[in-house]
Colleague: 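Got a structure here, written out as structure tokens. Questions coming.
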Number of protein chains: 2
Amino acid sequence: MVRPTMEDVALRAGVSRALVSLVMRGSPKVSEQRRSAVLKAAEELGYSPHAMARSLASRTSTVLGVMVSDLHNSFFAEVVDGIDEVAHQQGFELIINTGGRSPARERRALESLLSFRPAGLILLSPVVPATSIGKAADQLPVVLVARSSRISTVDTVNDDGEVGARLAVEHLVSLGHSRIAHLDGGEGSQAGPRRRGYVAAMESHGLAPQVVTSEYTDVAGARAIRRLLAEDDLPTAIFSCNDFNAVGAISALEDAGLRVPEDISVVGYDNTSLAALRHVSLTTVDQPRAEFGRLAASALLHRVRDDRAEPVRHLLTPSLVVRTTTAPPGGLR
Amino acid sequence: MVRPTMEDVALRAGVSRALVSLVMRGSPKVSEQRRSAVLKAAEELGYSPHAMARSLASRTSTVLGVMVSDLHNSFFAEVVDGIDEVAHQQGFELIINTGGRSPARERRALESLLSFRPAGLILLSPVVPATSIGKAADQLPVVLVARSSRISTVDTVNDDGEVGARLAVEHLVSLGHSRIAHLDGGEGSQAGPRRRGYVAAMESHGLAPQVVTSEYTDVAGARAIRRLLAEDDLPTAIFSCNDFNAVGAISALEDAGLRVPEDISVVGYDNTSLAALRHVSLTTVDQPRAEFGRLAASALLHRVRDDRAEPVRHLLTPSLVVRTTTAPPGGLR
DNA sequence: TTGTAAGCGTTATCAC
DNA sequence: GTGATAACGCTTACAA
């Protein structure tokens, strides 16, 4: 269980350590003969370069740190795919860490990531206070995904929640709905833009907005519906703050003997894998997640290289995915 | 954007670098006066220790590498929670990396993790060949989760799929079912034990097993059901290889005008968050995921400390979670 | 209790 | 092309 060093490889190949270093980094100025001898020795010894000794000596890092606020949410998995694609293509590696949805654990995760002295940091929907982000940004380039910031040294990548909400409303209006309620995400991240977009879209059609306070979970969605049911105040269509909330709403509606979409239409947000399940088949707003990741990685790598000053603010346009939970209101068919 | 070093802190506090090192590591043999001076200087400079320089100098590591084969699967998120709990409690940090379900990308992830020279490695359901795992295990302690191995130097943590399958069958039999089909996971990891457990349980009740080839996805589950439907060969209960498959099956059954559980019962496997959704409410087999993580971390840390030789093979007992997709067969009510 | 100096595995500079 | 030698940021005897 002893890990070989460059020295061991050099010894076995009968060359100097510096030569091994050159070979490992693919330098062209090494004779073919020595190169293969070194490679052979390395292979036999099971040698692989020590990333941190390398970065220590070279004063550079090819590592990008990624903090995922919630590993349970597959939304982030796709963003990571996008990051990985660009990073790898440009010769960078990722180290990931998770905040487990708790600010305390997230702080730890951040500290830990920082202690590896990566070239840059991508924070996916962080919940730590802005000051922590600012401190990190003093030390290295930072990009935020699914969270906005006014710090002038950090770049951000977000979807345009107002546009997404408008897409949902337009779709329902074009189907003939006029009583459309929004189950909102309360204090949740990005809930504000979605709510504002909904209200603006309703008003632009001369319709009365009906915002129902809710949360980003299926339990909350069901609860909101039961409340509407109890007040006998049910609209003909529901626009939920996210897919989980929408699925909870559908569940509560079906429990009450209502059919979706015949009696009432439902639209979600996020286009999670849940929405795509045939059993659910939810009409929803899709965010270009992999694109989030690609843009975040590109922005970060630019900053890593250029030390650029002006912040980048990507605001991506979401799109609507129509499935089978929306239809014209019952009365119109 | 320049990151301070220990030297900077020492200079500012008017002490030697070694003294700063002692303070940073919480040594008791430092005068209170100097300690606070050092801490103050560090704070002002925004200094935090360089993890890898530290591990290079001390020839030890407090980092555990975790390779997650598929970040999209929330199963792993809970395992990571368990790992994180134990690791943190014992003063270790995690660096996570993902294989993106592809052997090539997983190889990269492994290389990358190894290049940080962590104290040990936990591989969650890896798809790389056993030889790659063996090579890694030559260099540092390795624990496998949700994958078995015969390599004598690696520890493994798995659930007992045979027991899980038996639980599902027993439940259905006790409800009065005798025609129970298994939609199996084909070549998928852990599909074998589940299939064997199903067959054994059926036979021990004198029932004829009916194994239908399928896969770990909802599309495959739906397809398998349509095949059974076409052959007019539908049992009164289905035991799916996992939750996704089960949800696909339910979907296809409902499309065919059959009600679950009135006409046919369905049991899944894994107890994913999907199964718990009210809208789905799937009876399923639960694996103690966080416990997987805790045991994996404990086993690894033991090996890290003791250099122990005998491999640990944890085989955890799953449990059944009864929800609303199972009921007595229609004829019996 | 504090400082000095050597060394961890690597890269970089500079002669040869 | 190749090989010494001095960093990189830190820990760790050992000395003071």
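Here is the naming used below: chain letters follow the sequence lines, and residue numbers restart at 1 for every chain. Just so you know, these numbers use all the heavy atoms, side chains as well, and skip hydrogens, waters and symmetry mates.
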Colleague: For a salt bridge (charged side-chain N to carboxylate O under 4.0 Å, His left out) check, start with the C-alpha distance between B:Arg294 and B:Glu291, then their side-chain angles and the critical distance, and finish with the verdict.
Modeller: CA-CA 5 Å; B:Arg294 281 184 228 110; B:Glu291 185 65 13; 2.4 Å; yes
Colleague: Step by step, would you call A:Glu111 with A:Arg108 a salt bridge (charged side-chain N to carboxylate O under 4.0 Å, His left out)?
Modeller: CA-CA 5 Å; A:Glu111 282 295 324; A:Arg108 271 206 283 129; over 6 Å; no
Colleague: End-to-end bend of the helix from C:dT1-D:dA16 to C:dC16-D:dG1 (five-pair axes, 10° rounding)?
Modeller: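 Nearest ten degrees gives 40° for this helix.
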Colleague: Is A:Thr98 reaching over with its side chain to a backbone N or O of A:Val68, donor-acceptor style, under 3.5 angstrom?
Modeller: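 Checking the backbone N and O of A:Val68 against the side chain of A:Thr98, a donor-acceptor pair under 3.5 Å is found.
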Colleague: Can you list everything that forms a salt bridge (Lys or Arg N to Asp or Glu O under 4.0 Å) with B:Arg17? Sequence neighbours excluded, please.
Modeller: B:Glu7
Colleague: If I take atom OG1 from residue B:Thr272 and atom NE2 from residue A:His72, how far apart are they, to the nearest 0.5 angstrom?
Modeller: 12.0 Å
Colleague: Within the distance-only criterion (no hydrogens, no angle test), does the side chain of B:Arg101 pair as donor or acceptor with the backbone N or O of B:Asp70 below 3.5 angstrom?
Modeller: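 Absent.
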Colleague: Report, as a single string ordered 5' to 3', how protein heavy atoms within less than 4.0 Å touch nucleotides 6-16 of chain C: B base, S sugar-phosphate only, - not at all.
Modeller: BBBBBSB----
Colleague: With a 4.0 Å heavy-atom cut-off, tell me which residues in residues 26-43 of chain B come close to DNA chain C, sorted by residue number.
Modeller: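 Correct list: B:Lys29, B:Val30, B:Ser31, B:Arg34.
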Colleague: Ignoring hydrogens and geometry, is there a side-chain-to-backbone donor-acceptor pair from B:Arg59 to B:Leu56 under 3.5 Å?
Modeller: no
Colleague: Examine distances only and state if a side-chain atom of A:Arg12 and a backbone atom of A:Asp8 form a donor-acceptor pair shorter than 3.5 Å.
Modeller: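 It does not hold such a pair.
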Colleague: Examine distances only and state if a side-chain atom of B:Arg105 and a backbone atom of B:Pro103 form a donor-acceptor pair shorter than 3.5 Å.
Modeller: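 Looks like no, no N/O pair under 3.5 Å.
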Colleague: Within the side chain of B:Asn158, is there an N or O that forms a donor-acceptor pair under 3.5 Å with the backbone of B:Arg147?
Modeller: yes
Colleague: First and last nucleotide of DNA chain D in contact with chain B, 5' to 3', at under 4.0 Å to a heavy atom: what are they?
Modeller: D:dG9 to D:dT12
Colleague: With rounding to the nearest 0.5 Å, note down the distance linking CD in B:Gln287 to CG in B:Asp160.
Modeller: 10.5 Å
Colleague: Check residues 120-135 of chain A and write down every donor-acceptor pair under 3.5 Å in which the side-chain atom is one partner and the other belongs to a residue at least two apart or another chain.
Modeller:
| from | atom 1 | to | atom 2 | distance (Å) |
| --- | --- | --- | --- | --- |
| A:Ser132 | OG | A:Arg107 | NH1 | 2.9 |

